[in-house]
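As structure tokens, the structure follows; a few thoughts come after it.
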Amino acid sequence: MEFPVDLRKALQSFRYAGKGIADLFIYENNARIHLFAAVSAITAGFYFGLSTTEWALLITQIALVWAAEAFNTALEKLADAVSSDYHPLIKSTKDLAAAGVLIVAISAAIVGVLIFLPKILLLF
Ligand SMILES: Nc1ncnc2c1ncn2[C@@H]1O[C@H](COP(=O)(O)OP(=O)(O)OP(=O)(O)O)[C@@H](O)[C@H]1O
């Protein structure tokens, strides 16, 4: 019986996904801002010695923002491929995709404040 999983195909998919992650941070300005914010939060996390739960929340928020940014970028590219002319549905598509990023970015900012503000206040 043949092994039911094509590992070579799975590995190839990982390579494509890795290229997507690299492209996201190399070419997309907003993604680089999110990368900078994530590196800052992780550095602060080490400084303040976060608990396991706080790390889990922080990493989840970072991953959600990056994933939303990746989907937003993908939709923008797809929309541009469909039509470079003004179209109300393209406007709606891009605005909704951007809304998705904004929603998780606000959530990440709130979680960041909840985790770090009490620790920052203790410094004074
Ligand atoms: N073809 C189009 N038809 C209608 N509205 C568009 C079109 N292209 C862009 N828009 C409008 O302009 C806004 C900005 O679009 P744009 O493609 O520049 O994305 P962006 O948010 O600036 O992201 P990025 O800088 O990563 O490309 C969209 O949210 C949308 O409202």
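In what follows, residues are counted from 1 in the order of the sequence shown. In what follows, every heavy atom counts, from backbone to side chain, and hydrogens, waters and symmetry copies are set aside. Both ligands and their constituent atoms are indexed starting at 1 by order of listing.
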Original post:
Are any of the N/O atoms in H87 less than 3.5 Å from those in ligand 1?
Top reply: yes
Subject >> Reported CG-to-CG distance for the pair L102 and D95, which is rounded to 0.5 angstrom >> reply: 11.5 Å
Original post:
With a cut-off of 4.0 Å, which atoms of ligand 1 are near a heavy atom of D95?
Top reply: 28 (C), 29 (O), 30 (C), 31 (O)
**OP:** List the closest protein heavy-atom neighbour of atom 7 (C) of ligand 1: residue, atom name, distance to the nearest 0.1 Å.
**Re:** I90 CG2, 4.0 Å
Original post:
Which value, rounded to the nearest 0.5 Å, describes the distance between I110 atom CD1 and L117 atom CG?
Top reply: 13.0 Å
**OP:** Under 4.0 Å from a heavy atom of E28: give me the atoms of ligand 1 that qualify, with their elements.
**Re:** 26 (O)
**OP:** Determine the interplanar angle of the F25 and W66 rings, folded into 0 to 90°, and report it as parallel if under 30°, tilted if 30 to 60°, perpendicular if over 60°.
**Re:** perpendicular
Original post:
For atom 20 (P) of ligand 1, what's the nearest protein heavy atom and its distance?
Top reply: E76 OE2, 3.6 Å
Subject >> Other residues, nucleotides, ligands: >12 heavy atoms within 6.0 Å of F36 CZ >> reply: no
Subject >> Test: K94 and D80 ion pair at under 4.0 Å >> reply: yes
Original post:
Can you tell me if D80 has a non-hydrogen atom under 4.0 Å from ligand 1?
Top reply: no
Subject >> Is_contact(atom 11 (C) of ligand 1), protein non-hydrogen, under 4.0 Å >> reply: no
**OP:** Ignoring hydrogens, tell whether any protein atom lies closer than 4.0 Å to atom 17 (O) of ligand 1; use the non-hydrogen atoms only.
**Re:** yes
**OP:** For T43 and V39, indicate whether the former's side chain and the latter's backbone hold a donor-acceptor pair under 3.5 Å.
**Re:** yes
Original post:
CD1 of I59 to CD1 of I42: how many Å apart, nearest 0.5 Å?
Top reply: 4.5 Å
Original post:
Does atom 2 (C) of ligand 1 have a protein heavy-atom neighbour under 4.0 Å away?
Top reply: yes
**OP:** Considering only protein heavy atoms, determine whether one is less than 4.0 Å from atom 22 (O) of ligand 1.
**Re:** no
Original post:
Can you tell me how far the OG atom of S83 sits from the CG atom of L78, to the nearest 0.5 Å?
Top reply: 11.5 Å
Original post:
Any idea which part of D85 is under 4.0 Å from ligand 1, heavy-atom wise: side chain, backbone, both or neither?
Top reply: backbone
**OP:** State plainly whether the residues E28 and K77 are in salt-bridge range, i.e. N to O under 4.0 Å.
**Re:** yes
Subject >> Contact bool for atom 31 (O) of ligand 1 (protein heavy atom, d < 4.0 Å) >> reply: yes
Original post:
Which ligand 1 atoms does Y86 reach within 4.0 Å, using its non-hydrogen atoms?
Top reply: 3 (N), 4 (C), 5 (N)
Original post:
Among protein heavy atoms, which sits nearest to atom 6 (C) of ligand 1, and what does the distance come to when rounded to 0.1 Å?
Top reply: K91 CA, 4.2 Å
Original post:
Can you tell me which residue and heavy atom of the protein come closest to atom 15 (O) of ligand 1, and the distance to 0.1 Å?
Top reply: K94 CD, 4.0 Å
Original post:
How long is the gap from NE2 on H34 to CG on L64, to the nearest 0.5 Å?
Top reply: 12.0 Å
